[in-house]
Structure formats: C-alpha cells, structure tokens
Amino acid sequence: MTMAKVLLIDDEAGFLDVLSKRLETRNLSIVTALSGEAGLKALAKDHALDVVILDVKMPGLDGIQTLQMIKKDFPLAEVIMLTGHATVETAIEGMKLGAFDYLMKPCDIDLLVQKVQEAKEKKAKHEEKIVQAQLKEITSRMA
Amino acid sequence: MAKCSVIQGEAQRQQAGKRLEYAKFRRAMTLVVTAVSMTPLLLLSAVLYFSYHAVYEGKVFDHLEAVVERHALAIDEFLFERRQNVRMQVDSYTYEQLRDESLLNDRLRKMQSNYSNDYVDLGLVDEKGLQPAYAGPFRLLQADYGAAPWFRQAIAEDRFISDVFSGIRGTPHFIVTARGRKTGGEAFILRATIDFAHFNERVRQIRMGTTGLAFLVNRQGEFQTNLRPDETVDHEALAAITALDFGKGLPRHLEKANAQNRTMIYVAYPLKMKDWILVFQQERHEAFAHLYNAQLISVSVLLLGGLAIVGTALALIRRMVQRISVAEQDQEVLQKQVVETGKLAAIGELAAGIAHEINNPLAIMVEHAGWIDDLMKGENTSGMKNFQEMQNSLKEIEIQGRRCKEITHKLLSFARRTDSRVQETQLNDLMQEVAGVSAQKARYGNTIIRLELDPDLPTVHISPTEMQQVLLNLVNNAIDAMNKPEGVIVMRSHQDDSWVVLEVEDNGQGIPQANMARIFEPFFTTKAVGKGTGLGLSICYGIIDKSGGTISVDSTPGQGTSFTVRLPATLPAAADEQQTESIPNKGD
C-alpha cells in the first residue's frame, strides 16, 4: 500500500527521473509530467492523485499558472511548490493561491517526504469531511 | 555594458569639448549683449553729437559775425564822420579863406580837440595837385601831389577816403578829402590825414582769446592795418576773402587750413563802400574750445559707460555660464548615478539568471547523490571494501552541494533588491550580507573582513539597495587599497546619540593628502584608465547626503583609511512620524 499518490511536475527530465526513483523507494507512488500542461492531463486521467509537487519556473505554463488551473479544476489535490528562485514573493503568491507549502531546490528528501505526508493527511481529512457530508445528505434523504 | 563604462580619457575629452562649447557660448552671448546695449547708445551719442555740434557751431559763428559786424559798422561810422568833418570845412569856407594858413591851423586845432586826436594835418590842394596851404607837423607846403594816385581819384570825386599808403612823409597813413570849387570854377580839395596809429588801434582792439585778431584789407588784399610780427595771415585765405562776393552785405565766414596745418576760421565784413574788408581770424580749435571740451567729456563718458556695460555683461554671462555648467555637471552626475544603478540592476539580473541556471543541475546532482545513498542502503555492503570511502565521498558531494546552494541562494537574494524604496533597515544585516559577498574577492587579495557590529543598533530609514551599494563601494575600495599580505578590513557599527555610525576601516596604503579634498568629486579616480569611473564615492556621497547623513574620511598614508558614515537613527519618538510616511511604501 502506497502512502500517497504523487504527481511530479518539472521541466528537467533528469531531476524528475531521480527524484521519482527516490520518492518511490520511500513508499510513494509517482506519476511524472514534463510540463504544466502534461501535469493537468495526468490529473484529469487519474483522480487518485493526492499531492502535486510543482516546479515554479518552467517554460510554457509556469508554476503559478499551473497551480491556478489545478486549484480550479482539481480543488482537492494539494500542491507543494518547489522553487529554485528564492523569491519570497513567488512563494507568498503560491501560498495565497492555495499551495500547501513550498520548498527550495535542492531540497532535503526527508523534508519533502514529510511535507507530502502532511499534504496527504490534509487531503484525506478534506475527503473524509466530504464523504461524511454526502452520507448525511443521503441519510437525511432516506429519512 | 560597454556603453555604461565611461573611460576616464573619454570623460576628459568630453569635458574639454564642453569647455570649448561654453567658451563659444560665452563669446556669442557677450557679443549679442554688447551689441544690443551699445548700438542704441552709440546711435544716440552720434545723433546728439552731430546736432549739438551743428547748433553750437552756428552759435559761435553767429556770435563772431555779430561782433565783427558791430565793429565794422563802428569803423564805417568813424570814417563817415571824418569825411563829414572835412566836407563841412569845404562847405563853410571858400578856397581863398582856406589858403590862409592861420585859419587852416585854427580849423585843425578845432577838429583835433572836437574829434580826439585822429587828425594829423590839413592841407589845401589845387586842381594841379599843388598844396598852397598846409597845417600840421610836417613841412609839406607846396608839396606836389599831381602824380599821386589818390589825388586823381580825389579830384574826380566829391569826397574820398584813400587806402593806407606811405606817401611823401614815409609813414603809413590814409587821407580823407572833400572837393570844393574855386570862384573861377576850378576844383580844389581839402585833405586831412588820419592818425594811422590811432585808427589801427581801433581795429586791433577786436581781440578774442590768444589767436583771435582782426585786420583790414582792401580789395587788392593789401593790409590797411598793422599786424604784429608774430601774427600771420595765410595768403590763400586772404585771396579767398578778397574774392568773396558781399552781394547782400552780410558778414561771411569760411574755414581754411593754414601753412602750419591748423584750421583757421575767418569772418569777413565789408566796409567803406565795400572797398575794405574787416577780417577776424581765429584758430578753430580755440573758437570751439568749449565744444571740444564737451566732446571730450562726452566721449569719455561714452567710453567709460561702454566699458561698464561690457564689463557687466562679461561678469553676468560668466556667472550665468558657470551656473549652467554646474547645473549640467549635477545632471551628469545624476545621470551617471542612474546608469550606475542600472548597471548594478543589470549585474543583479545576470547573477540571478546564472544562479538559477546553475541551481537546476545542482539540484539534479544532489538528488543523484541522494539516490546513490538510497540504493546503497538497500545493498549488502559488507563485501565492498571501499564502502566507507564511497560513503564519505557521497557525504562530501552532499556537503559541497549544500555549499553551492548557499552561494546561489545568496546571489539570488542579493539580486532581488534593486529598488530605491526607503524602508526601515537594519544596517547590521546589510553589513553581514556585503561582507559575505565581498569575502571571496577579499580572499584573493589576502585580506580578511572582520565585523564588529553593535547588536543593539537601531534601524535606519533608508533604501537597503542603495545602502548596500554604498557599503559595497567602500569595501571594494578598501580591498583595492590593500598592498600587503595581511590586509584587514574592519566593518564596525555603533550608535552615537541619535546617529547610527558605520565605519569601514582598512590598513591599506591610505590616501595622499593632495587627493583628500577631491575623493568625493565625480570622475576623480586614481585607478588606471578603464578600471574606475571615479563615480563610486560620489554616488556614495549622493546617497548618504540624500538620506540626511554624512560621509567622512580619515586617512594616514601608509597606515590605512577609515570611512565613517553617519545616518540618522529611527528613534522611538521619530518612528511615529516616519510610520505615516512609510505606509505607502508598505502598500506596494
């Protein structure tokens, strides 16, 4: 049983490759995407994805734009921003737009796994609340 | 980037060009101002000069003519009277009576006593020119005037006045005659001699100044009065005067240069039925002495006034050009500051770009190292003889990766701030940052940077980017000034009353006394051509000055230099005031 299903979005294939391998050894299920667009397609295909690890600086859709679209189309997915730019402004903007947290590249792998876990827990709580709300609705309808 | 760096030589060339331009501008302005102010002055002066000259000349001639006319009329009157006297004798007595010498003597005495001593003698001359009766001091009884030119004229006219001549007696005189008739009908004349000396005096008394004199000439240009030996009359002028046509009887004047090349003025008036001409001559220079004086004064005033105008124009324009030059220089410095700031921003952007590009491969490298680490954990490593070495290498890769990360992050954070927004700034942080950035450069110069910071330093209201620039400039200068292996740069901060004081002290070569006064001047540099713009310290000065602070320098050649920056601290009391100011800044 995997701890969480993670979508990794980064334009650097080398980074994507090694990071996904490392995360997989830490009991995470990984899907990768080389761009924001590809990431959104992957999300649409697989609704079981829990957490998105998103690079801020990318060609095409950049991190912030991708984040906005993820939050619009898949509000339950939690996003961790990964930034090479130590711009506090971008991080703050990402948080304002609903990102779960941000980390600076290169990041400590254990810290990243910890963040993923926290994000997953938050998502699970959300989902549970939704399920219970639906249950309540169904039971009230039955009564 | 090449455009930004102004090489010292080019700056000097530009300045030389500017100076030339200013000189040209100053010349043009001076010319225009002088022309505009002098032209009306000169025109006015010329108009006044010529009209005044004409009027004054007219007045002078009028005056002279009036004087000459008065005298001429008086002389004419005198001659007329003499003629009348003689006429009266002829009318009162017959030829026979006049032949009686005692009567003649009696008449002469009477005429002499009645009409001053103008009469010298009286003589009766018959129609043949013989003088049968004579009264007077000379022995002229029975003198024969039959051949004398005057006798022929006198016998033909009722009354007659001769020109001056020497005659029998040998002294200059002239005679007045009246013609009568004997009982037989033959003509006779009574002749009276006029005292020439006396008459001469009458004319000679018309004098003016030192060169003004009067004389009588007849139509042939022969003098009828005496001239003193020192008095001369130009021949040409005389010829011109005798040729004058006195159709209207008015006095005439003319001007002529004499042999000595001095312009003389002549005023002539005819008398004795236009036989004689009374001439007054005077040197023009004397006659118009007042005019020439006035001219001298006005020309002096004009010259002095002109000088004053030109001087004032020069001074004003010089000052104006100086002002413009200073303003332009200020603007240039400002422009350089903008360029310099822009340069820094460009460098920052470049650094950020490079840092980002390096950061990505770095991240991959670090991840791969981590991945190897992960893999090794899953392997049976007991059989690997160099396992420990590998482990150490991996650790080292990780440590160095972290170090690179720190560098790129520092570069990125340094490049981030490129604005001049004023905000509450803790200068200790800036000093640490600058010391960190400059440490590498300092190490190459065998110099260490030491920080001695006051932990309780109050904040300062200043743009952190600009302050960073100031500190970087000071530290870079300090590093450049090092010429020995044990270079030490101390960055110090402390509080002094309401001031935050920063010091950047080095133990380098120091600043020569001669350069001390100029180091904050723009474009002043001691670095090699192309190595320094000479703007660094002037920009520092500008930034600190703008922030209400001061920057000063203390240097001992060979010992080191210390720059001291004093900035007003944000004190609790002042903080409230500045709070309101800083709100808009926080908004953006």
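Below, all heavy atoms of this structure are taken into account, side chains as well, without hydrogens, waters or symmetry copies.
- Summarising the geometry of A:Phe15 relative to B:Glu367, their closest heavy-atom pair is CE1-CG, 3.5 Å, with the distance given to 0.1 Å.
- Applying the side-chain contact (heavy atoms from CB on, under 4.5 Å) rule to A:Ala133 yields no partners; only residues at least two apart in sequence or on another chain are considered.
- For chain B, no part of A:Asp10 is nearby; none of its heavy atoms comes within less than 4.5 Å.
- Sparse packing is recorded around NZ of A:Lys41, with 12 or fewer heavy atoms of other residues, nucleotides or ligands lying under 6.0 Å away.
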Could you please spell out the steps behind the side-chain hydrogen bond (donor to acceptor under 3.5 Å, both in side chains) verdict for B:Asn359 and A:Lys105?
CA-CA 7 Å; B:Asn359 204 43; A:Lys105 257 203 241 176; over 6 Å; no
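- Annotation for A:Glu12 and B:Ile364: closest pair OE1-CD1, 3.4 Å, computed over non-hydrogen atoms.
- Across all non-hydrogen atoms, the minimal contact from B:Ala363 to A:Pro106 is CA-CB, 3.7 Å.
- Salt-bridge formation is detected for the pair B:Asp374/A:Arg26: a Lys NZ or Arg NE/NH1/NH2 atom is positioned less than 4.0 Å from an Asp or Glu carboxylate oxygen.
- Within the 4.5 Å cutoff, the side chain of A:Thr25 has heavy atoms near those of the B:Trp371 side chain.
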